[in-house]
Structure formats: structure tokens, C-alpha cells
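Structure first, then comments.
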Number of protein chains: 2
Amino acid sequence: MNGAAFLEALAACVGKAHVRCDEREIAPFLADWRGRYRGRALAVVQPASTEEVAAVVRCCRSHGVHVVPQGGNTGLVGGATPLEEQAPAIVLHLGRMRRIRGLEPQDFTVTAEAGVTVQEVQEAARSAGRLFPLSLASEGSATVGGVCATNAGGVHVLRYGTTRDLVLGLEVVLADGSVLSSLKGLCKDNTGYAWKPLFVGSEGTLGVITAATFKLFPLPSEVVTVWMAVPDPAAAVELFSWLRETVGEGLEAFELMGRSVLALVLKHIPQARAPLPGEPPAWSVLIEFAEAGRGAQLPERVERALAAAIERGWVLEAVLAANEAQRQALWALRENASEAQRYEGLSFKHDVSLPIRALPEFIAECEARLRRHWPSVTVVCFGHLGDGNLHYNVFPTGIEPAQWPLIESRLSELVHDTVAEFGGSISAEHGIGRLKADLLPRYKSEAELSLLRRLKAALDPENLFNPGKVVRGGDRPAREET
Amino acid sequence: MNGAAFLEALAACVGKAHVRCDEREIAPFLADWRGRYRGRALAVVQPASTEEVAAVVRCCRSHGVHVVPQGGNTGLVGGATPLEEQAPAIVLHLGRMRRIRGLEPQDFTVTAEAGVTVQEVQEAARSAGRLFPLSLASEGSATVGGVCATNAGGVHVLRYGTTRDLVLGLEVVLADGSVLSSLKGLCKDNTGYAWKPLFVGSEGTLGVITAATFKLFPLPSEVVTVWMAVPDPAAAVELFSWLRETVGEGLEAFELMGRSVLALVLKHIPQARAPLPGEPPAWSVLIEFAEAGRGAQLPERVERALAAAIERGWVLEAVLAANEAQRQALWALRENASEAQRYEGLSFKHDVSLPIRALPEFIAECEARLRRHWPSVTVVCFGHLGDGNLHYNVFPTGIEPAQWPLIESRLSELVHDTVAEFGGSISAEHGIGRLKADLLPRYKSEAELSLLRRLKAALDPENLFNPGKVVRGGDRPAREET
């Protein structure tokens, strides 16, 4: 491949100013957010339209250059970072595709281009009296393209689903440079195979998502937020059923936090205050109910349900947010969990999901197994109990730093094996990316792996898109890695 | 192919008693529910387990015999009926796979085999204090395998989604006889491509669904059902937004019925009574709100919202069901719509969806266009307004029966073209099957058609499953039809 000719061809697609090659300038695009990976690319290319994306894809294909799509670059599994050693690649950065193409309050839909941030979609929806329910800590930087490509979750999955559940329409540039477009925003469309869910969560390995149409919802007008101390995870599971049964489907968040993570938040986040008097309890639960319209008596219904839950021993203490500031303060305890851990130092992180009923036993058993090998580690366990999703992180306290790299894979394997034994998944919401691509064969059947490979081969036969991520190997020799 | 040897091989898979060849006995399996198609098959084979299904698939593959999966045989597009002239086929009837494999109230999930009926899943869930929200007129016969294969909709899609949205897990026998199984019932699982949604709605052309895990919900305890007269579809669309905004997400059904269909129900269904005094209004709306738990004040909130809607002119008159018998009577008016039309005689049916905001103009424009060509026809228009889904049927009144076959395709093309012009879909919930397979190329882009063909080729390269349905032709010559 002639590098100069390739860069000129790219410039013809998007304009010279949008083909960036300066090493210092492109460095942030070549590393992942957690700083775990740093890759190489011939250029960072920033198209402004779907047609330009298609032109870039065709150009790369004809020059034999891989395409690594990138959105806000806030992913946690290295999915948007190019590899270090490989056939040449570009980073296809969608940040200039920033148009909200349509917002239809009567249809309860919004259509936005890949580079629009989640927060901007939320704000556009709100200004039209609608709720875009996707909500995650990185929403100020995470983009439409990124959340679709990774099937992002967040704190409202319990009620509104993951990104895949919110996607009604998608526009995708395929490996042959053709544009697949279905942005009608229809709730029902049974005309042929459901290809949209396939691209959602494919982490840039099957095509480049350039726009999406999302479901919207009515804006909640009554919101009730409660912080509680609960005796143990089993009580939290009982409480979860109880609240859904007695207060109903307005439950939009049910978060569990172990003592260790709350302690880290209180230690590292200056504004953080313990929501209940005394020492942090062994387990805390943060819930939120919301309902559109007035008169649903949510606070009264929640208080009644909690009084009964206290009687049954599922709740020890509870505090309702009395106003928006208190609500924000309670949520900040949850949302600063990642930040607080970052200040504390390195940990081995696991984003796993389990059947809800299996959570209590898993939590007890996994920690017991860890302690058998590494008695001094600190387990930091929290997450979206209502989705069966735990962020299960292990700090190597009491172990020499020199040992950390040596124990990491064994420790993570123990956690993941235990998850698998309890019927869970080794990636709940963060995806596979590069971090877990080597783990899939251990936890998937051969029938499923073969299916994933066949889907990749059918949609991207030349392995143009995002090599080395999600599915490795396959029927044809992967040309990007050995 | 040696027919006798093949039948013996099948008998070795499932037992001789479950390979049915008697012409009279198998006739019901070879015709579709609406009596539009009648096909041929070497046998109707009834396996009792996933392993038996896999054995039958392998046997058929090695003998070059197509497999046409069939559930309750209540589909409306001929998707489960074998072709008349083709390479040899069997009907693979899943009716003996009738086990509910698990019901987990704490996880809010149920796992059932393909042959269990929708009603049986509903009842099992209810007995555990849970709601299985899929609800459709054929629920007494429609099966788990069938509703998954067709992505069935029904009257609660607005709140709970289509079958695809309810499926958390799936077990599928692939064309090579391998079994793909993921029945963990996890809410979140980002480990590789989302293949489950691909099989849901694939109408038996990509694999045989043998079991599914579904989401459950808390049982509603407050239900409010209202029948209303509205001035026109535009008012109904305003009312839809208004109710979601002011009463909230408990809205689980929002059905629109034109005067002509209500008149047919009142004419043909003996127990049917007009819910409001006087002549049937031009347009009626049936809504239902439901909420788990007590104290949500649903009746009061709905009444307040409707009083305001009457003031704004969106509602002319309204009647709330005072008890369960009245509720059932109101729903019977809606649910007997198909039955009443059957008594009336032949009509040209269209199951279409549109952006909700486009419904009023579509309804006016499509009827105007029809009348330009065929002034005397009767349009029967009703459906799930909250999903943008209309059942748009045209009775050829005032036209000689001899002319009917001649006008059908022109008339349907006019309806479908108008749907496409308004940004809609030519199949909202019934699917493509055989009825609409020839129409897809007219309404899909080449990029999308090519994708559908590639997916079919990737998963069923020898075109073993359900030939002639959904996607025809493709890269390889279809061997079953010309």
C-alpha cells in the first residue's frame, strides 16, 4: 500500500483538514479511556456525513486498510482502540456527525447522528417534553454511535431496557460501502430478519453506525428516591420483588452497594456524605420510582411498601430524598463509585450478570473462593441488582505490587468461572472489545462461537472492521494478528 | 431420495408413531389457518425433545428434504405451510414439546418449550403471581415456538413490546443439527452478537426454535378500561400523547376502531352490544391502564385526564368498565373484529404500520385513493394505534365477485405503496411468510435485501428450512421454486 496515495484518497473523501496524522494530535484517539491499551493508526479520519463515511469505508477497503470506528471513546474494554501491531488501520471518528435529524413528540421518537452525545439527546428530548431514558456516568461524552455499538446499559435498564431495546431505527455503513438505512421509527415492523439488534452491541465489527432512531417516553413528573440499609443481598432480592409487586412498574432503578464501595466514595469524594447515621451498613440499596402525570401518590405508596419491608426485616433503615438536591446527593454516591475506585488505585474489574435469584449465593461464594487463594484482597461489589448486573472488583490489598500482574488472570478466571457456574455472563454491559475477546471461547459453546464467526464472515468477509475485537479467528485466517 | 428409507430414518429419530403420513390425518397441517394455502409434505414429524428435533434436522439434511417448522398453525401469512411443488419436505410439528422448564418469580422469568401454548404460559405465570403479557386472539392455540418464530405482537405491545422484546433466552436447532442454547434468563448479556433477536421473527427460515425464556412482570392489580367515541383519528393521536403524559406509563392498550368494523361486530357477533347509546360513532378508541400494587388511584387519574380531553374536543363520549364483566364485554368488541369480518365475507387484508403522527393523514389519503379506482368498496380500518399498527382491510362491496381476483393485487399495491409513501411498513405484526415474500423487493432497498440474503445464506446455506418464505432467491439458485 502506498501510504501517501492512501492519505490523499482519504482527503478526497472528507477534506484534508479531517484526515489527522499528527502524532501528538491523534494520541488521545489511540488510547482507551482506562489507559489500558495504546494502538497505532495511519490517521484519524473525521467524516461529516453518512456519504463521507461510506466513501472512507470504500477507500479503506480498496487500500486494504482496517477501519476502527470510534465515538466518545469512553468504553471500558478497549473496543474503540486500534491494535498495536497489525495491518494498517485508521480510526474512523464520528464526532463531526452531530445533527439531530428529527424529534417527533407524537411518535415518541428521536433520530440523531452518531456523534451526538447522550446528554444532548436527553436535552433535546426534554425540551420537547419527552424522556430519553438512557443514562450513564459518561453521558456527557458518550455518543449515539458509541452507545449503539456497545449496547450501553446504565441506571435505567430495569424499566426502559438497554440501548438495543431503545433502538427503533438504524443507519449503518456496511463493509462494501453500501448504506443500510431504516430510520422510520416504527414500533412494529415484521418485514424480514431483525438486523438492527445485530448491529447494536457489535462493537464496530460488523458495520459503522451513522445514525439511530430511539424510543422516547413521557417525562416523569413524580420521582421518589430512597436510600436504604439492608441486612444482606438476599433481603435486597426479596425487596426487589416486593416493590415491583406492591408499588408497580414505576421502579426504574434498584442499585446495590456493598460497604467497601460506599466507604471508598465517602473517603475519596469530597462532597460525599453518609446518607444514614453511623458506620456504613454492610449493604445499601438505592431505588428510584418515577411516573409521568400527577396524582399517582408515589411517595405514599413507596412509604407504605417500605414500612412493610422494614417489618419483614428486608430493610433496616431508609431515607427518602426530600428534594432534588437530596436526590442528586444520593445518586452522587452511586455515580461516583468508579471515580472513587480510581483514586484508590488499581483493581481487577469484572462486569458480570447473573440470574437475580442467584446473586446472594454468588456474592457469598465468590468472595469465599477468592479468600481461599488471596485472603487479604478487598472485594468491591455493587451494581444494578434489578438487572442482575454486578460490578465485581477486587483490590489486591495486602499483596506486593510486583505480584499483581501475575495473579490478575488467575483471579479473574476464578471470578468468571464462578459467574459461569451460577448461570451468569462474563460481560453484562461493557462488552467484549479487546479485553475479553480471548475469554469468549472458554464461556461459549462451539455452536455459539461458530455462529458468531459466521455472522462476522457474512457481514464483513474481509475483516475490514475493528480487527481483534469481539470475535477472533474464524474460518479464514485473521490477517491482523497472530 | 429413497422415500421409504427416509421415513424409516425419521422413525428412528422420533419413534414410528410420531412420523405421520396418512393423508387425511396430516391434511390440517398442510393448510394455513385462513385456508389460503395448501401444501405437500412427505410426513408430519412430531419430536418430543430438542435432541429429537436435532436428529430430525440432521436426517432431513442428509436426505435433502426441506424442513417446515410448525407451531399452533394460526399464522396469517402462510409461513408454516409447506409449498405445493418443490423438493420434498416434512412438516416439523413442535406440539409434543410441552414442558414448562422453569418459572422463577424472583428473576421474573419463565422458560417454556416450543409446543406450550401462549395461554398455558400466561396461566403458569399467573399462578406464580406474575404476568406473561403477550396476549393475542389466538393465544389458546398459538405456541411459544410460533410466537417466537413470528415475533407476535398483540394488544399489549405498547407497554410490554413484541415477542422479541420479551425473549431473554432461546434454544434453537441450526441447519447443521447443532443446538444453540442460551436460556439463562439474563437481563443483560453483552458477550458477542445478539443472535436471539435474529431468530425471533425469522419465521422458521433460519433454525427451529425449541424453547424460550421470557420476561415476566408483576401482576396488575388495578385495571381501568375505557371505551370512547372520538371525532377522528387526529383526535385519537392527540389523546394518545395526552394520556401517556398525564396518566403515565400504565397505558397498556390503545386501540382504534373505525365505524365500519364496529358495525360488523355488532351485526355478526350475537353477544355484542354497542357500548355507547346511538349509532356507532365514526371512530372509537378502547384503552386500558393497569398497574401492579394498590393505591395508584388509576380510575381517578384516568377520569381526570378524560374530562380534560373532552374539554379539548379529543373525546366525545366515554364509558369506563365498572367491573370485570363490562371490561370483558368491551374487549370482546375489539377481539371479535376478525371473526366478524370472516362472517361478512372476503376482504383484502393489510397489516401495516406507520409513524403514529402519520396515521390520520394516511387513513384519509389511502381511502381517497382507493375510492378513485373503486368507489364502492368498504374500508374496514382498526388496530393498535399506540403501536402505529393498522389492520387495513378492504371489502370489495359493489364489485362483481368475478372481478375480485383481478383487482386484488392492484388494490393491495395501492395500499402498500401509500403505506411506503407515508414511511410505514407493509407488515407490522403478521410477518412475511409466503403471502408477502414477493413484495419485499418492492419495498426494501437493495442493500437491505442483500443483507437478508446473506444472513439466510450464513445460517442456512443449503436452504434446508422453510423454503419460499420471507427471503426468496439469493446468491445461490433457490432449488425449491422457480
Side-chain angles (χ1 to χ4, degrees), chain A residues 104 106-107 151 153 157 162 164-165 178-180 184-195 197-198 201-202 218 237 241 244-249 291-293 295-297 300-301 353 355-357 387-389 423 425-432 440 447-448 451-452 454-455 458 470, chain B residues 104 106-107 151 153 157 162 164-165 178-180 184-195 197-198 201-202 218 237 241 244-249 291-293 295-297 300-301 353 355-357 387-389 423 425-432 440 447-448 451-452 454-455 458 470:
Chain A
E104 302 294 346
Q106 286 190 319
D107 295 347
N151 186 30
V157 171
T162 64
R164 186 176 292 121
D165 298 304
S178 64
V179 179
L180 200 57
K184 293 173 184 167
L186 302 171
C187 309
K188 283 181 175 173
D189 183 7
N190 271 351
T191 54
Y193 309 135
W195 53 264
L198 191 61
S202 66
V237 169
S241 277
R244 288 187 79 182
E245 288 164 9
T246 59
V247 188
E249 287 299 271
E291 190 58 270
Q297 315 275 351
E300 295 79 358
R301 287 154 66 201
S353 75
I356 293 171
R357 72 183 190 284
D387 313 320
N389 181 186
S425 161
I426 64 157
S427 182
E429 58 178 11
H430 294 171
I432 296 300
L440 275 197
E448 187 168 358
L451 177 69
L452 301 186
R454 271 182 286 161
L455 290 170
V470 188
Chain B
E104 301 294 346
Q106 288 191 318
D107 294 348
N151 186 31
V157 171
T162 64
R164 186 176 293 120
D165 298 305
S178 64
V179 179
L180 199 57
K184 294 173 184 166
L186 302 172
C187 309
K188 283 180 174 174
D189 184 7
N190 272 351
T191 53
Y193 309 135
W195 53 263
L198 191 61
S202 66
V237 168
S241 276
R244 288 188 79 182
E245 289 164 10
T246 59
V247 188
E249 288 298 272
E291 189 58 89
Q297 314 275 350
E300 295 79 358
R301 287 154 67 201
S353 76
I356 292 170
R357 72 182 189 285
D387 313 320
N389 182 186
S425 161
I426 64 157
S427 181
E429 58 177 11
H430 295 171
I432 296 299
L440 275 196
E448 187 168 358
L451 177 69
L452 301 186
R454 271 182 287 161
L455 290 170
V470 188

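Predicted, not measured: the structure shown is a model, and the values here were computed from it. First the proteins, then the strands, lettered A, B, ... as listed; each starts at 1.
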Pick one of side chain, backbone, both or neither for L186(B), based on which atoms fall under 4.5 Å of a heavy atom in chain A.
side chain

Proximity breakdown for I426(A) and chain B, heavy-atom pairs closer than 4.5 Å:
both

Chain A heavy atoms under 4.5 Å from L451(B): which part of the residue, side chain, backbone, both or neither?
side chain

Is it the backbone or the side chain of S178(B) that comes under 4.5 Å from a heavy atom of chain A, or both, or neither?
side chain

Pairwise distance CG(L452(B)) to OH(Y193(A)) - rounded to 0.5 angstrom
7.0 Å

Looking at L455(B), D107(B), V179(B), which makes the most heavy-atom pairs under 4.5 Å with chain A?
D107(B)

Please classify the contact of R244(B) with chain A as side chain, backbone, both or neither, using a heavy-atom distance under 4.5 Å.
both

With only heavy atoms counted, which part of N389(B) is less than 4.5 Å from chain A, the side chain, the backbone, both or neither?
side chain

Find the one option among D387(A), I432(A), V157(A), V470(A) whose heavy-atom pairs under 4.5 Å with chain B are most numerous.
D387(A)

side-chain contact (heavy atoms from CB on, under 4.5 Å) against S241(B), all qualifying residues, sequence neighbours excluded
Q106(A), F108(A), R130(A), E245(B)

Identify the heavy atoms of K184(A) and G423(B) that sit nearest to each other, and give their distance.
CD-O, 3.4 Å

So which of A428(B), A447(B), P355(B), A458(B) has the largest heavy-atom pair count under 4.5 angstrom toward chain A?
A428(B)

Among L198(A), D165(A), L440(A), which residue has the highest count of heavy-atom pairs closer than 4.5 Å to chain B?
L198(A)

I need the residue from V237(A), N151(A), T191(A), T246(A) with the largest number of non-hydrogen atom pairs under 4.5 Å to chain B.
T191(A)

Could you measure the distance from the CZ atom of R164(B) to the NZ atom of K188(A)? Nearest 0.5 Å is fine.
12.5 Å

Is there a donor-acceptor pair under 3.5 Å between the side chain of N190(A) and the backbone N or O of G201(B)?
no

Go through the atoms of V247(B) and report whether side chain, backbone, both or neither lie under 4.5 Å from a heavy atom of chain A.
backbone

So which part of E429(B) gets closer than 4.5 Å to some heavy atom of chain A, the side chain, the backbone, both or neither?
both

Min side-chain heavy-atom separation E300(B)-Q297(A) under 4.5 Å:
no

Given heavy-atom pairs under 4.5 angstrom as the criterion, report whether the side chain, backbone, both or neither of R357(A) touches chain B.
both

With the side chain counted from C-beta on, respond yes when E249(A) and P218(B) share a heavy-atom pair under 4.5 Å apart, and no when they do not.
yes

So, for A194(B) and P197(A), which heavy atoms are closest and what is the spacing to 0.1 Å?
CB-O, 3.5 Å

